[in-house]
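Written out below as structure tokens is the structure these notes cover.
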There are 2 protein chains.
Amino acid sequence: MRLSKRGEYGLRAMIALAEPADKSATPQMMQIKAISLREQISPKFLEQILLTLKNAGLLHSKMGVGGGYYLARSAKEITLGQIFRVLDGPVAPVKCVSHMSYEPCGCPDEATCGLRLVMGDVRNAIADILDNTSLADVTKRQNAVRKKLASKK
Amino acid sequence: MRLSKRGEYGLRAMIALAEPADKSATPQMMQIKAISLREQISPKFLEQILLTLKNAGLLHSKMGVGGGYYLARSAKEITLGQIFRVLDGPVAPVKCVSHMSYEPCGCPDEATCGLRLVMGDVRNAIADILDNTSLADVTKRQNAVRKKLASKK
DNA sequence: TATAAAGTCTATAGTACTAGTATGCTTTTA
DNA sequence: TAAAAGCATACTAGTACTATAGACTTTATA
């Protein structure tokens, strides 16, 4: 059930872009290089990933000197599910329970297939989390943990 | 987040073995060929899978004429999580949230890594389902659906 | 207006994994 | 003792993963 490196890096990069570096309200713009350094990702690989995300409409970019990538929408309006699906495909463990890209599986009777019933639950559990967690939720949570750790010291 | 064919076939086979074919209380024994026909799986591939499951202690077998495979424990005592892990490895999407086979990931600070927090939730959601669903639960549920469908007609 | 910084796009390559196949072996029962 | 059944291992074709490389385009600014 693993997340590919592509998906992992893409999610990390999006989270990085969602973090308000300074108190400026303008969408944070970051360069590939900056993200790759910070997250320890091969810059060329990251480039590919960000491009995919851009073509999917989740990121915008500005070319030229002083350019970079920034979120296409506010961090509240981008969910992890959207990012995941662009980079790693359907959430469902088997196609026959996928909402977004259903395909029949081989089993004799889908309606009573026990595996399908359970995998449907699994799909829903994953999708529930991913589709109801926005980038803003993630950064909020990070900050909460940071605060908690700081107060403990 | 997909389930491999190996995992899918293995789970299907185990569910098939858990279904009480007749009212006999003795553990149901089935031959590779019977399972492969019923579930439409290449017999040779299935053989490999069942062998793996056997070596993991989830199945027992009887050699020779009239032999076959049967569950090592009662259907109530075998969870889908056990089967899944043998065939597809850890449930966790990233190693750094795996309970069964933890490994550190590259992020600068695991404690406050947003991706890790969310993926931890995902892992728990999946593991909750897989580890709390036994083969008996699956067959029970199948029967419930069958009954429901039959009564609707 | 030249130049360097930055993103765009396509191709390719090594590696590992997937989904099987193939082959020969041993055990058991009729 | 022959046939049925499982045991074990090796092999392979295809695909996906994880990048890497290189040439091109756009933009700011000196």
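Here is the naming used below: chain letters follow the sequence lines, and residue numbers restart at 1 for every chain.
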Quiz item: Rounded to the Å, how far apart are A:Glu8 CD and D:dC17 P?
Solution: 14 Å

Quiz item: Can you find a donor-acceptor N/O pair under 3.5 angstrom joining the side chain of A:Lys33 to the base of C:dG7?
Solution: no

Quiz prompt | Given C:dC9, D:dC7, C:dA19, the nucleotide with the shortest approach to the side chain of B:Glu47 | solution = D:dC7

Practice problem: Using whole Å, report how far CG of A:Asp88 lies from P of D:dC17. | Solution: 7 Å

Quiz prompt | Closest-nucleotide ordering on DNA chain D, the 5'-leading residue of A:Tyr9 and A:Met63 | solution = A:Tyr9

Self-check item: Below 4.0 Å: OP1/OP2 of D:dT18 and any side-chain N or O of A:Ser42
Solution: no

Self-check item: Sugar-phosphate only, base, or nothing, as touched by B:Arg6 at under 4.0 Å among non-hydrogen atoms
Solution: sugar-phosphate

Quiz prompt | B:Ser61 side chain, from C-beta outward: closest of C:dT21, D:dC7, D:dT18 | solution = D:dC7

Practice problem: Rounded off to whole Å, could you give me the CG-to-P distance for the B:Leu50 and C:dA19 pair? | Solution: 16 Å

Quiz item: Below 4.0 angstrom from OP1 or OP2 of C:dT29, is there any side-chain N or O of B:Lys62?
Solution: yes

Quiz item: How long is the span from the CZ atom in B:Arg12 to the CG atom in B:Leu46, to the nearest 0.5 Å?
Solution: 12.0 Å

Practice problem: Please work out if A:Lys44 contacts a base, only the sugar-phosphate, or nothing of the nucleic acid, heavy-atom cut-off 4.0 Å. | Solution: base

Quiz prompt | For A:Ala16 against A:Glu39, the heavy-atom pair lying closest together | solution = CB-OE2, 3.9 Å

Practice problem: Please state whether the phosphate of C:dT8, meaning OP1 or OP2, lies under 4.0 angstrom from any side-chain nitrogen or oxygen of A:Lys54. | Solution: yes

Quiz item: Roughly, in whole Å, what's the span from CD1 in A:Ile49 to P in C:dC9?
Solution: 16 Å

Exercise. With rounding to the nearest 0.5 Å, note down the distance linking CD1 in B:Ile32 to CD in B:Glu47.
Key: 4.5 Å

Quiz prompt | B:Arg2 side-chain N/O to D:dA16 phosphate OP1/OP2 under 4.0 Å | solution = no

Quiz item: Does atom CZ of B:Arg6 have more than 12 heavy-atom neighbours, drawn from other residues, nucleotides or ligands, at distances under 6.0 Å?
Solution: no

Practice problem: In plain terms, say whether B:Arg85 and B:Asp131 are close enough for a salt bridge, that is, a side-chain N and a carboxylate O under 4.0 Å apart. | Solution: yes

Exercise. Ignoring backbone atoms, test whether B:Tyr69 places a side-chain nitrogen or oxygen under 4.0 Å from the OP1 or OP2 oxygen of D:dA5.
Key: no

Practice problem: Round to the nearest Å and state the distance from A:Leu46 atom CG to C:dG7 atom C1'. | Solution: 12 Å

Exercise. Counting heavy atoms from C-beta on, name the nucleotide in D:dA4, C:dG7, D:dA8 closest to the side chain of A:Ile32.
Key: C:dG7

Self-check item: Stepwise side chain to side chain donor-acceptor pair (under 3.5 Å) check, B:Thr112 with B:Asp109
Solution: CA-CA 6 Å; B:Thr112 62; B:Asp109 181 13; 2.9 Å; yes

Self-check item: Interatomic distance, B:Leu53 CG vs D:dC7 C1' [rounded to whole Å]
Solution: 15 Å

Quiz item: How close or far is atom P of D:dT9 from atom CG of B:Leu51, stated in whole angstroms?
Solution: 9 Å

Self-check item: Atom-pair distance (CD1 on B:Ile41; C1' on C:dT18), nearest Å
Solution: 15 Å

Exercise. Record whether the side chain of A:Gln48 comes under 3.5 Å of the base of C:dT10 through a donor-acceptor pair of N or O atoms.
Key: no

Quiz prompt | 5' priority, DNA chain C, between A:Gly68 and B:Phe45 [closest heavy atom] | solution = A:Gly68

